[in-house]
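Written out below as structure tokens is the structure these notes cover.
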Amino acid sequence: MVKFAGAFALAVLLVGCQLAAVDPSLRYLCETDGDCPGSFCAADKHCGASASGGGTASGGGTASGGGTASGGGMASGGGTASGGGTASGGGTASGGGTPGACGCPAVLGCGQVTGCDGGVPVDCGTCPARSRCGARVPNVCGEPLACTKEGWCWENPFPQGNDLLGVYAASPDDVWAVGRQGTILRWHVDGWSLEASGTTRDLFAIAGVGTGALYAVGEKGLVLGSTGNGVWTTLLDAGGGDLVSVWASPLGNDALAGGTGGRLVELKGMVPMSVAPLPGAGNRTILGLAGTGPDRIVAATDRAMLVWMKGSASWVSFANDAGSPITSLWMSPDGVALAAAPPGVFAQGGSVGPRLFKPLFAGSVPGAPWLLAGTAFDDLWMYEGSGGRVFRAALDAGTFVAQGAVSLAGTRGIGSGARGQLAAAGDRGLYADLAVTGGVTTVSVRTQGETLDLVDVSSHPTAGLFAIGGTNAWLTRTPAGLRPTWQKHTCTRPSGSHHFLRPWVDWVTGDVHAPVVGNFAVRFDPLVDDSCVDDFHFSGYRAVWGLPGGGPYVFTGDVVGLTRDAGFRDVQERALPGTSGSDVWGSSLSSVWLTGSQYIARADFTRDGGVVTELSPGNTVYSIRGITTASGELRLIASSSGAKVYLSRGDGGWTTVKTTATGNLVRTVWEDEDRAWAVTQSGEVLEGLDGGTAWSPPVSLTPELTGALALSDAGVWVVGPSGAILSHAP
């Protein structure tokens, strides 16, 4: 009987050096005019550390009097950073003397550094799109961010939320994961780093030889290579079908990659040697490759195991007789290959054909598919793809045992870099490591963040940013610590399950007012759990707007309502010009605009008049927002079904702009008086220029954002399903 056990852990180093943390006692809000006595106002609207005297530069060296700080040398993008040379991400580190002296190491791509005083940066200048000023230290470009080519960067989950599809563990301290949109992550020791792949194609698998030779494969025959220095180059762009598996020889930097149509790619010394169909694979996908060296290699399709025999210079095919497809391939250090074909496993070694056996399980047999990883026959893990359960082989009985409460639903790939440890990567940026100590399995989920289905995001005077969604829950973005993080809050009262709708934040009181599915609204302090107050019960309100400091408040839904009472009593209701009101926005109590089913209307709540229709477009108008230009002109923008945008100067006249979006435009916002943004129900984003009159073709941020997105002008930010939060870096 074959015996089994456990597999790996993870770690990734942020490029550059350790950035100096700000004394938490000095983190207080800037004055309303932006002043910070004895300090400076950071990008997160908090005062930074005192700029008096010398200090430790975030580049790693002492910066007394502007002296030399360590952290120069080779930039992570490959450019030399001597004397303020080229920084990764494209920003030039100039004007601040030696790189790092002003707290902006060139390896992090700080951009222009100006106004150094005693080693404390006064202005970070222009940060490249993949790093952010103030992310770790006020006025200092922080760690690189995972961004799309259009400049949308992940905030939650952090460091990114694209699906991870493959993982390779060189050791517990060195793990790489690859995934959608060309994502490559490295976990080293105790932190993440993002490594630029140079592609937006999906990457399906990664393998390596220690930390010195790495290979990643993906869509349309793409093969990338790296020597472990964070720099990836394209080794092959073969076109055609996808490459979904890769194996690196432990005896050198030779590799094989397999993919759809039975195609096999051979590389020697990171140089492609051949691209040809694998004999015996037919037109099946090569889903797994493993080997001990050039004389012992095994490939697997769902129908067969194919073995490269020593001395025969040929591939021998062994049919899959399990009656179910092979889903995973693993090889022990002594060359015995295991192919999972749930509920059975094939074992193949030497020149004999594979032998099918049924593993033993303490409890129910896990459902297909199975993923295998480990370091030896007595150190083997199995993941149940259909149920998210993790199993480990018992050392003394050869029986797979489910690992207690460990559940990693959505895992796409597993790998082992040391005995008793396992790395797992999967959906929404999931990365976790499992370890066995004293017979007890522990799991640490490194990414994935909160998974609320978010419906809106707004700026907030004390929380910084506020995102709402899910049931009785919301997120606030707190600026404390090395990096701003999103923290979950909940309300268990009023009793029951309440799905928040589009809220409004009162910047004077700090309260949030949110209609809730179920014909009522709640008011709460977003920094305090269980602070919800059931404000009122009326007719199907869906959106709210008000005057800061206690109202009046205007609600829209099945009717439009006005209350001058912060407790939402004495609500005066008026009829809408149509049905199903969807949004409300106002510039004053005399100029309030409403949208809904086949109308854009205006109400003046300083008079006794009703709600006056300004436009009857014949389709549903989902959102409306306004902005006042530098010249004092009011501009309104509304979005609707049929991929249309409506524009007005607040005078009752509306113009229609047809975009090239493929779905309904459910949200629009202004970034400034010339630029606007819109999102569709299917997760596309459009940019509008020239005051919203010219719109770009829609782009999909990630395949993972499958539901309708919410868009906010507090940044600009996009939020969506499963806790997805992205910000736009211009």
Side-chain angles (χ1 to χ4, degrees), residues 163 165-166 178-180 182 199 201-207 215-224 234-249 254-268 272-291 294 296-309 312-331 337-348 351-356 367-372 385-386 412-413 703:
D163 289 350
L165 308 177
V178 297
R180 304 287 186 193
T199 183
R201 296 186 201 172
D202 292 347
L203 300 175
F204 299 115
I206 182 171
Y215 303 87
V217 298
E219 281 187 287
K220 300 177 181 178
L222 182 66
V223 181
L224 306 179
T234 299
L235 305 181
L236 178 68
D237 192 350
D242 300 336
L243 295 175
V244 300
S245 59
V246 62
W247 166 76
S249 173
D254 299 336
L256 294 175
T260 57
R263 184 164 56 165
L264 188 71
V265 175
E266 180 184 5
L267 300 102
K268 289 187 176 294
M273 303 301 294
S274 65
V275 181
L278 175 62
N283 199 38
R284 317 298 294 187
T285 298
I286 302 173
L287 56 85
L289 288 161
R296 169 71 174 153
I297 304 171
V298 177
T301 70
D302 64 338
R303 295 283 184 87
M305 292 181 68
L306 302 108
V307 181
W308 179 266
M309 299 296 209
S312 66
S314 64
W315 290 87
V316 178
S317 178
F318 297 101
N320 172 10
D321 298 324
S324 57
I326 294 173
T327 62
S328 181
L329 179 69
W330 173 81
M331 182 176 285
L338 295 183
V345 172
F346 282 104
Q348 196 280 328
S351 59
V352 299
R355 177 177 61 88
L356 177 66
W370 294 350
L371 301 179
L372 301 174
S386 59
R412 301 289 192 96

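Along the sequence shown, residues are numbered consecutively beginning with 1.
Remark: of the listed residues V265, V223, L224, V223 is the sole one forming a side-chain contact (heavy atoms from CB on, under 4.5 Å) with L235.
Qualifying side-chain contact (heavy atoms from CB on, under 4.5 Å) partners for T285, counting only residues two or more places apart in sequence or in other chains: V244, T260. Residues meeting the salt bridge (charged side-chain N to carboxylate O under 4.0 Å, His left out) test with D237, sequence neighbours left out: R201. The salt bridge (charged side-chain N to carboxylate O under 4.0 Å, His left out) check on D242 picks up nothing, with sequence neighbours excluded. Not counting sequence neighbours, the partners of P369 by the side-chain contact (heavy atoms from CB on, under 4.5 Å) test are T327. Annotation: salt bridge (charged side-chain N to carboxylate O under 4.0 Å, His left out) contacts of K268 (sequence neighbours excluded): D254, E266.
The minimum heavy-atom distance between P354 and F346, with the atom names listed, is CB-CD2, 3.8 Å. Of all the heavy atoms in A281 and G262, the pair that sits closest is CB-CA, 4.0 Å. Between A248 and A207 the shortest heavy-atom distance is N-CB, 4.0 Å. Considering all non-hydrogen atoms of both residues, Q348 and G353 come closest at CG-C, 4.1 Å. Considering all non-hydrogen atoms of both residues, S317 and G280 come closest at OG-O, 4.0 Å. Shown here for F318 and V352, the closest heavy-atom pair between the two residues is CZ-O, 4.1 Å.
The closest side-chain heavy-atom distance from L203 to L165 is not below 4.5 Å. At least one side-chain heavy atom of I286 sits less than 4.5 Å from a side-chain heavy atom of L278.
A donor-acceptor pair is defined here as one N or O able to donate and one able to accept, closer than 3.5 Å; no such pair exists between the side chain of S245 and the backbone of L289.
Separation of atoms CG (L243) and NZ (K220) is listed at 13.0 Å; rounding is to 0.5 Å. One distance of note links CZ of R180 with CG of D163; it measures 5.5 Å at 0.5 Å rounding. Taking OH of Y215 as the reference point, atom CG of L267 lies at 6.5 Å (rounded to 0.5 Å). Within the model, atoms CG of L287 and CG of L329 stand 8.0 Å from one another, a figure rounded to the nearest 0.5 Å.
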_Set out, in order, the CA-CA distance, both residues' side-chain angles and the distance that settles side chain to side chain contact (heavy atoms under 4.5 Å, CB included) for I297 and W315, then state yes or no._
CA-CA 9 Å; I297 304 171; W315 290 87; 3.7 Å; yes

Donor-acceptor pairs under 3.5 Å, side chain of residues 301-309 to any protein atom, not counting sequence neighbours: which ones?
from : atom 1 : to   : atom 2 : distance (Å)
T301 : OG1    : R303 : N      : 3.1
T301 : OG1    : A304 : N      : 3.1
D302 : OD1    : R284 : NE     : 3.1
D302 : OD1    : R284 : NH2    : 3.2
D302 : OD2    : R284 : NH2    : 2.7
W308 : NE1    : P294 : O      : 3.4

